[in-house]
Amino acid sequence: MRRLMPTVVVVLTAGALGAPVAWAGSPHFVSNTVQASRTDTSVTVVGKEAGLGDEEQVSILLTGTAECINPGQKHPKAANKESVSAQGTFPVQNGKAEFELTLTASFSPECSPPMTVVFSNVTVSDTTNGISKNLGSF
């Protein structure tokens with residue numbers, strides 16, 4: 001019994017110290033809630049992040065590349081390609097945060113018909129927790 005007692009104390013102590021780590025959260029984007037919609041020269045991304053524990057807020061960054069594409073699926077001028085980004089800080093409630101950000105392309109000269117704007121490598125990132133999700137092209 002005396003040999004068993006130190007082992008029990010070590011196990012209980014390790015469990016007590018390890019328990020707060022289990023409650024700390026596991027940040028992740030809720031897959032079916034992160035959606036993008038495109039309108040003319042903009043892409044809007046809405047979504048939810050969960051597993052945030054007791055964080056007060058998260059910083060979300062939306063990035064992508066906008067290209068002015070001709071009917072032959074080519075972008076004729078290097079000036080008609082640009083990196084775009086949007087960033088915001090969103091409150092966390094009950095370990096979850098909802099966000100909405102919009103990327104807008106502004107070309108000079110304008111990208112007018114028959115040319116169209118295509119967004120590629122659209123990625124949403126939580127810079128607070130170091131996670132990201134690539135949403136593809138629109």
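Since the structure is predicted, the reported quantities are computational estimates derived from the model, not experimental observations. This chain uses plain numbering: 1 for the first residue, then up along the sequence.
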> Any chance you could lay out the side-chain contact (heavy atoms from CB on, under 4.5 Å) test for E110 and T41, step after step, and finish with the verdict?
CA-CA 10 Å; E110 277 189 37; T41 60; over 6 Å; no
> For a 4.5 angstrom cut-off between non-hydrogen side-chain atoms, does V117 reach D40?
no
> Which pairs of donor and acceptor atoms, one on a side chain in residues 130-138, lie under 3.5 Å apart (sequence neighbours left out)?
unit_1	atom_1	unit_2	atom_2	d
N134	OD1	G136	N	2.7

> Determine the minimum heavy-atom distance between L103 and G64, stating which atoms define it.
CD1-N, 4.0 Å
> Would V122 end up clustered with L61 when hydrophobic side chains under 4.5 Å apart are linked, directly or stepwise?
no
> Identify the heavy atoms of Q87 and T127 that sit nearest to each other, and give their distance.
NE2-OG1, 4.0 Å
> Could you check if a side-chain atom of L62 sits within less than 4.5 angstrom of a side-chain atom of V43, using non-hydrogen atoms only?
no
> State which residues pass side chain to side chain donor-acceptor pair (under 3.5 Å) with T104; sequence neighbours excluded, sorted by chain then number.
S42
> Quick one: closest heavy-atom pair of S125 and T123, and the distance?
OG-CG2, 3.9 Å
> Looking only at atom types and distance, does a side-chain atom of E82 sit under 3.5 Å from a main-chain N or O of S106, one as donor and one as acceptor?
yes
> Going by the rule side chain to side chain contact (heavy atoms under 4.5 Å, CB included), which residues pair with T128 if we only count those two or more places apart in sequence or in a different chain?
E55, V58, S59, D126
> Can you give each donor-acceptor pair under 3.5 Å made by side-chain atoms of residues 92-102, sequence neighbours left out, with the distance rounded to 0.1 Å?
unit_1	atom_1	unit_2	atom_2	d
T102	OG1	T44	OG1	2.9

> Output every pair passing disulfide bond (SG atoms under 2.5 Å apart) with a member in residues 105-138, not counting sequence neighbours, ordered by first then second residue.
C68-C111
> Who passes side chain to side chain donor-acceptor pair (under 3.5 Å) against S120, sequence neighbours left out?
none
> To check you understand the geometry: which heavy-atom pair defines the closest contact between A105 and V84, and what is its length?
CA-CG1, 4.4 Å
> Has Q57 got more than 12 heavy atoms of other residues, nucleotides or ligands less than 6.0 Å from its CD?
yes
> Mind checking the CE-CD spacing from M115 to E67? Nearest 0.5 Å is all I need.
10.5 Å
